[in-house]
Amino acid sequence: MSQPEKRLEIPFKITVTRAWSVYLGRGLAGRIGDFVDLKAYSSLVLVTDETTDRLYGEPVAAILAQSGKKVLRFSLPVGEIAKSPESLAEGYTFLMENGVDRSALLVILGGGVPGDAGGYLAASYLRGIDYIQVPTTLLAQVDSAIGGKVGVNFGGKKNMVGSFYQPKTIIADVDFLKSLPPQEMRNGLAEILKYGLAMDKDLFERLEHKKDADFKAAELIPIIERCAALKAKVVMADETERTGARAILNFGHTIGHALEAASNLEGQHGAAVSFGMVVASRISARLGMLSASATPRIEAVLKKFGLPVHAPQVTPGELLANLKFDKKTSGGEPRWVLLAEIGRGVVNCKVPQALVSQVLAEVCR
Ligand SMILES: NC(=O)c1ccc[n+]([C@@H]2O[C@H](COP(=O)([O-])OP(=O)(O)OC[C@H]3O[C@@H](n4cnc5c(N)ncnc54)[C@H](O)[C@@H]3O)[C@@H](O)[C@H]2O)c1
């Protein structure tokens, strides 16, 4: 049945507050107890969203129950709405009403939304209880489940309230991806291409040379492994986003977030990041940092995977207005991640607004 899992060891040094490992492979969800000592906890709380609860809640709860521990189930709504103070309050109420104590373990089964909201529930309930991430979307397996950034949205802004709080372990079972809708696969692919463009030329070229846009589990495992290792490397260098090293992961996100804010792109984070990567690549080429031949290559790969390279639904003015509110601005001026070449991003770049406007005029159509 299952292939042997891969264990990506993340060395625990000074900058990471807790040791954690990523387990990656197939059939791992059936063996959660092999990766974390469930018996060491007073109770186990399975945190899902309504979709992952419907698809996998029952079998995963049964696997957890094999430990002999009490298993509780708390399900969040689907989508960004779950990353709200109201959902969080429901979570606290659920945990309190069920007498969950500090020795409990939260098992978060879902994509980045339950991962972020459930992770913050764990970080803040009783000043912090243990949790593990069992990511079920491609995006969560390559990105959001790793790194300990947890939180909720507030005042209409994304991720305004949160913490850096590492999970005990991360169990990425690619079998979950079989039920993932194509749009969610694309959201993950956009993040994978982000790693390739900003950090790993080989990874980008692997995707560039791929003939079709479909992936088998066996093909995905080495790709997820590479991304998880890249993310872990960045997190180790800058766990709490202070030195600026972690900013490399924001490649494509400066304009991406502005696009999400300016248009109704709920659930299409990958599309926004794709568009953002196009803008950042074109700016890099215009500034003479990136060779002019790189941008058509980049855009061809994005298109192959069904990701957009234009945004006809917004105007440059709308995007510029939303750029100002991005919390990654410094002194009111956005800082960009640009490319020196494919596979090498440069953080903290200033870009003249006239150039941003010029590039946006090309791609907002
Ligand atoms: N913490 C971080 O470092 C970090 C990094 C990147 C993104 N994020 C956050 O992650 C969130 C996006 O994550 P996401 O794209 O995983 O969103 P998500 O959790 O909402 O999942 C996307 C959709 O897929 C469904 N789903 C999940 N697993 C499924 C499966 N196996 N089969 C079928 N359907 C499934 C969900 O119910 C949902 O409808 C955003 O809120 C973003 O801010 C966080």
Side-chain angles (χ1 to χ4, degrees), residues 26 28-29 47-57 59-60 75-84 87 108-120 122-123 131 133-154 157-167 170-192 194-195 217 220 224 227-228 230-232 234-235 238-241 246-253 256-257 260-261 265-273 276 326-328:
R26 302 189 62 186
L28 305 193
V47 179
T48 52
D49 71 10
E50 279 156 14
T51 304
T52 53
D53 186 56
R54 177 171 48 79
L55 292 171
Y56 303 111
V60 173
S75 185
L76 291 156
V78 169
E80 281 292 316
I81 184 82
K83 281 176 59 172
S84 64
S87 282
I108 303 177
L109 177 74
V113 163
D116 282 10
Y120 192 56
Y131 78 111
Q133 292 276 16
V134 186
T136 62
T137 63
L138 182 58
L139 181 141
Q141 294 190 353
V142 298
D143 191 346
S144 63
I146 303 163
K149 263 198 200 177
V150 294
V152 297
N153 308 326
F154 191 75
K157 299 270 172 268
K158 290 258 300 173
N159 306 324
M160 284 304 288
V161 176
S163 181
F164 293 92
Y165 190 67
Q166 299 293 348
I170 299 149
I171 302 167
D173 184 341
V174 290
D175 286 343
F176 285 125
L177 306 180
K178 285 182 192 150
S179 55
L180 207 58
Q183 178 172 303
E184 300 304 337
M185 282 301 283
R186 283 196 290 276
N187 286 342
L189 278 167
E191 298 292 348
I192 291 171
K194 170 194 82 177
Y195 286 112
L220 276 176
I224 298 170
C227 296
L230 287 167
K231 174 103 188 227
V234 171
V235 172
D238 184 14
E239 190 192 7
T240 53
E241 220 167 292
R246 199 165 169 158
I248 193 83
L249 299 171
N250 293 331
F251 177 64
H253 286 62
H257 285 149
E260 281 180 298
L265 270 185
E266 164 88 6
Q268 294 184 60
H269 182 66
V273 171
D326 193 299
K327 63 184 182 315
K328 288 172 186 93

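Every heavy atom of this structure was used, including side-chain atoms; hydrogens, water molecules and symmetry mates were not. Only a predicted model underlies this, so the values are computations on that prediction, with no experimental measurement involved. Numbering of ligands and ligand atoms starts at 1, following listing order.
- In terms of protein heavy-atom proximity, atom 35 (C) of ligand 1 is nearest to Leu180 CD1, 3.6 Å.
- Side chain of Glu239 to backbone of Gly147: no donor-acceptor contact under 3.5 angstrom is found.
- Summary of contacts: the protein heavy atom closest to atom 39 (O) of ligand 1 is Val78 CG1, 3.3 Å.
- For Gln141 (side chain) and Pro135 (main-chain N/O), a donor-acceptor pair under 3.5 Å exists by modelled atom type.
- Nearest to atom 44 (C) of ligand 1 by heavy atom, out of Asp116, Asp53, Leu139, Asn187, is Asp116.
- Residue-to-ligand polar distances keep Leu177 apart from ligand 1: every N/O pair is separated by 3.5 Å or more.
- Taking atom 40 (C) of ligand 1 as the reference point, the nearest protein heavy-atom neighbour is Glu80 OE2, 3.2 Å.
- The distance from atom OG of Ser87 to atom CG of Asp49, rounded to the nearest 0.5 Å, is 10.5 Å.
- Environment of CG in Leu55: crowded, with over 12 heavy atoms of neighbouring residues, nucleotides or ligands closer than 6.0 Å.
- Remark: side-chain polar atoms of Asp173 are paired, donor with acceptor, to backbone N or O of Leu28 under 3.5 angstrom.
- The distance from atom OG1 of Thr48 to atom OH of Tyr56, rounded to the nearest 0.5 Å, is 13.0 Å.
- Atoms of ligand 1 lying under 4.0 Å from at least one heavy atom of Tyr56, given by number and element, are 31 (N).
- Distances between N or O atoms of His269 and those of ligand 1 include no value under 3.5 Å.
- Separation of atoms NZ (Lys231) and OH (Tyr195) is listed at 5.0 Å; rounding is to 0.5 Å.
- A donor-acceptor pair is defined here as one N or O able to donate and one able to accept, closer than 3.5 Å; no such pair exists between the side chain of Arg246 and the backbone of Val234.
- When Val150, Thr136, Leu76, Leu55 are ranked by how near their heavy atoms come to atom 28 (N) of ligand 1, first place goes to Thr136.
- The nearest heavy-atom contact from the protein to atom 42 (C) of ligand 1 is Lys158 NZ, 3.5 Å.
- Side-chain atoms of Ser84 come within 3.5 Å of backbone N or O of Ile81 as a donor-acceptor pair.
- Proximity to Pro114 (heavy-atom distance under 4.0 Å) selects the following atoms of ligand 1: 19 (O).
- Using modelled atom types, one side-chain atom of Asn153 and one backbone atom of Asn159 make a donor-acceptor pair closer than 3.5 Å.
- Of the candidates Gly111, Gly115, Gly188, Ser179, the one placing a heavy atom closest to atom 30 (C) of ligand 1 is Ser179.
- Remark: ligand 1 and Phe176 share an N or O pair separated by less than 3.5 Å (distance only, no angle test).
- Scanning the protein heavy atoms around atom 27 (C) of ligand 1, the nearest turns out to be Thr137 CG2, 3.3 Å.
- Here the shortest heavy-atom distance to atom 24 (O) of ligand 1, taken over Arg54, Glu184, His253, Lys149, belongs to Glu184.
- To the nearest 0.5 Å, atom CD of residue Glu191 and atom CG of residue Asp143 are 5.0 Å apart.
- Close contacts between ligand 1 and Thr52 involve ligand atoms 27 (C), 28 (N) [criterion: under 4.0 Å to a heavy atom].
- Shortest contact from atom 10 (O) of ligand 1 to any protein heavy atom: Gly112 CA, 3.4 Å.
- Within ligand 1, counting atoms from 1 as listed, the ones closer than 4.0 Å to a heavy atom of Lys231 are 3 (O).
- For atom 36 (C) of ligand 1, the nearest protein heavy atom (residue, atom name, distance) is Asp49 OD2, 3.3 Å.
- Note: no N/O pair closer than 3.5 Å links Asp143 and ligand 1 by distance alone.
- Salt-bridge check for Lys158 with Glu260: failed, with every basic side-chain N at 4.0 Å or more from each acidic carboxylate O.
- Listed by number with element, the atoms of ligand 1 under 4.0 Å from a non-hydrogen atom of Thr51 are 34 (N), 37 (O).
- Side-chain atoms of Lys194 come within 3.5 Å of backbone N or O of Leu249 as a donor-acceptor pair.
- At the shortest separation from atom 4 (C) of ligand 1 among protein heavy atoms lies Ser144 CB, 3.2 Å.
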